[in-house]
**Q** 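Can you keep this structure in mind? I'll have questions shortly.
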Amino acid sequence: MKKGVLLVNLGSPDSPDPKDVKKYLGEFLMDERVIDVPLWARNLLVKGIILNTRPKASAKAYQKIWWEEGSPLIVISERLQQKIKEEVTVPVSLAMRYGSMTIKKGLQELVDQGVEEVLLFPLYPQFAMATTETITVLAEDIRKRDFPNLKIESVPAFYNKPDYITVLSNAIQRHLQDTSYEHLLFSYHGVPERHIRKSDVTKSHCKIDGSCCATASKAHEFCYRHQCKEVTRLVAEKLRLEEGTYSTSFQSRLGFDPWLQPYTDRTIERLGKEGIKHMAIVTPAFVSDCLETLEEIAMEGEEIFHEVGGKGFTTVPCLNDDKEFVDLLSKWIENWVGVPVAID
């Protein structure tokens with residue numbers, strides 16, 4: 001049975017033009033696993049309010065970070081795909097959950113090459129309803145409808161894999177080795193608190209308090225909050241960071257419902273007000289730099305920090321197409337194919 005791999009990332013508008021941004025936001029925000037309210041309420045919120053107010057502002061943000069080659073997230077994802085293709089023995093396609101690079105197109109590309117078994121690889125270290133789950137559910141729906149003879153196996157969250165933690169830690173250390181900073185902030189994309197409770201397979205463990213994420217439970221397999229905190233803990237341990245010199249926060253909240261806290265923008269502000277003059281920030285929920293890292297963090301975050309007296313603000317790039325990351329994903333793919341590969 002011929003095997004192939006489909007890498008899947010978030011997606012991007014086709015251009016930073018407000019019309020393209022509006023189309024993209026409409027698809028993204030109407031996903032029931034992103035805004036998980038009844039359809040009538042989602043229609044009212046998204047089509048009645050957000051799409052009439054947000055696209056112009058979002059388009060301006062995209063214009064700030066857009067590359068000559070196109071969307072940074074798309075360009076970086078394509079570079080990652082090409083480098084992995086050079087290292088593995090099976091076809092590798094790329095798709096996005098939202099936008100014109102659809103999962104159906106990605107699967108079709110593999111099927112056209114004779115692939116009968118696909119490794120679906122969501123490019124997210126942590127599990128979340130709005131990332132990994134929406135990709136796997138949609139891919140299965142497409143398989144049933146359009147490719148009934150295709151077999152699909154999905155890569156689970158890899159947030160705590162020792163070799164991933166090593167690659168992430170090495171990348172952070174390389175980028176910060178010549179940088180003087182007092183505090184390292186681990187900023188993860190936020191999700192509504194209700195997503196954590198909905199993903200709790202025990203239906204009782206996730207209290208979103210000071211102890212549930214640190215108390216062993218099978219709920220952790222699908223708990224985004226635990227998995228983010230665990231990445232911070234493991235990297236801090238690997239880099240031997242001193243207690244008090246690092247922390248975790250969550251960015252990109254939307255609406256008025258409670259989201260995971262502490263919030264990144266308020267944390268940056270607090271650190272500056274507390275006298276931190278030089279800080280660094282890393283965004284381990286993303287593997288590819290995108291609007292949320294290049295504009296929200298690197299631009300807006302730095303502006304907030306400077307406004308409250310901060311001086312040095314260093315952003316650590318995502319893993320992107322880092323060689324160690326390419327080698328790691330290639331190793332995992334080849335092991336799935338059945339070709340044992342070691343990583344240096």
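Start at 1 with the first residue, then count along the sequence.
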**Q** Assess whether a salt bridge exists between K273 and E269, defined as any Lys/Arg side-chain N lying under 4.0 Å from an Asp/Glu carboxylate O.
**A**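 Salt bridge between K273 and E269, a charged N being under 4.0 Å from a carboxylate O: yes.
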
**Q** Does anything in residues 297-315 pair up under side-chain hydrogen bond (donor to acceptor under 3.5 Å, both in side chains), and if so which pairs, sequence neighbours excluded?
**A** none

**Q** Between R145 and E140, does any side-chain N to carboxylate O distance fall below 4.0 Å?
**A**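 Result for this pair is no, no salt bridge flagged.
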
**Q** Tell me, which pairs form a ring-ring contact (aromatic ring centres under 6.0 Å, His included) where one or both residues lie in residues 97-143, sequence neighbours left out?
**A**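 Every ring-ring contact (aromatic ring centres under 6.0 Å, His included) pair that includes a residue of residues 97-143, provided the two are not neighbours, is F28-Y98, F127-F222.
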
**Q** Decide if atom NZ of K203 counts as having more than 12 heavy atoms of other residues, nucleotides or ligands within a radius under 6.0 Å.
**A**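 Atom NZ in K203 is crowded, with more than 12 foreign heavy atoms closer than 6.0 Å.
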
**Q** Please indicate whether Q177 has more than 12 foreign heavy atoms, meaning atoms of other residues, nucleotides or ligands, lying under 6.0 Å from its CD.
**A**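 Counting neighbours around CD of Q177, more than 12 heavy atoms of other residues, nucleotides or ligands fall under 6.0 Å, so yes.
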
**Q** Check this for me: does any side-chain nitrogen of one of K218 and E221 sit under 4.0 Å from a carboxylate oxygen of the other?
**A** no

**Q** Does any pair with a residue in residues 153-178 pass ring-ring contact (aromatic ring centres under 6.0 Å, His included), and if so which ones, sequence neighbours excluded?
**A**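 ring-ring contact (aromatic ring centres under 6.0 Å, His included) check on residues 153-178 returns F158-Y164, F158-W332.
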
**Q** Does the side chain of S249 pick up a donor-acceptor pair with the side chain of T267 at under 3.5 Å?
**A**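 Absent: no donor and acceptor within the cut-off.
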
**Q** Establish, yes or no, whether a centroid distance under 6.0 Å links the rings of H183 and H278.
**A** no

**Q** Taking the side chain from N9 and the backbone from L123, do they hold a donor-acceptor pair closer than 3.5 Å?
**A** no

**Q** Indicate the ring-plane relationship of W66 and Y62, choosing parallel, tilted or perpendicular according to the 30° and 60° boundaries.
**A** perpendicular

**Q** May I ask you to say whether K64 pairs ionically with E296, meaning some side-chain N is under 4.0 Å from a carboxylate O?
**A**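 A salt bridge is absent here (no side-chain N lies under 4.0 Å from a carboxylate O).
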
**Q** Salt-bridged, K105 to E109, with N to O below 4.0 Å?
**A**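 The answer is no: the pair does not qualify as a salt bridge.
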
**Q** Any idea how H205 and H220 line up, ring-wise: parallel (<30°), tilted (30 to 60°), or perpendicular (>60°)?
**A**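 H205 vs H220 ring planes: perpendicular.
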
**Q** Using a strict cut-off of less than 4.0 Å between a Lys/Arg side-chain nitrogen and an Asp/Glu carboxylate oxygen, indicate whether K23 and D14 qualify as a salt bridge.
**A** no

**Q** Flag the pair K331 and D163 as a salt bridge only when some basic side-chain nitrogen lies within less than 4.0 angstrom of an acidic carboxylate oxygen.
**A** yes

**Q** Any salt bridge linking D322 with K83? Criterion: basic side-chain nitrogen under 4.0 Å from a carboxylate oxygen.
**A**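 Judged by the 4.0 Å cut-off on N to carboxylate O distance, D322 and K83 do not form a salt bridge.
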
**Q** So, K2 and E116, do they make that salt bridge, N to O below 4.0 Å?
**A** no

**Q** Nearest 0.5 Å please: distance from the CD1 atom of I165 over to the CG atom of N160.
**A** 7.5 Å

**Q** Classify the angle between the aromatic ring planes of F250 and Y224 as parallel (below 30°), tilted (30 to 60°) or perpendicular (above 60°).
**A**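 Correct class here is tilted.
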
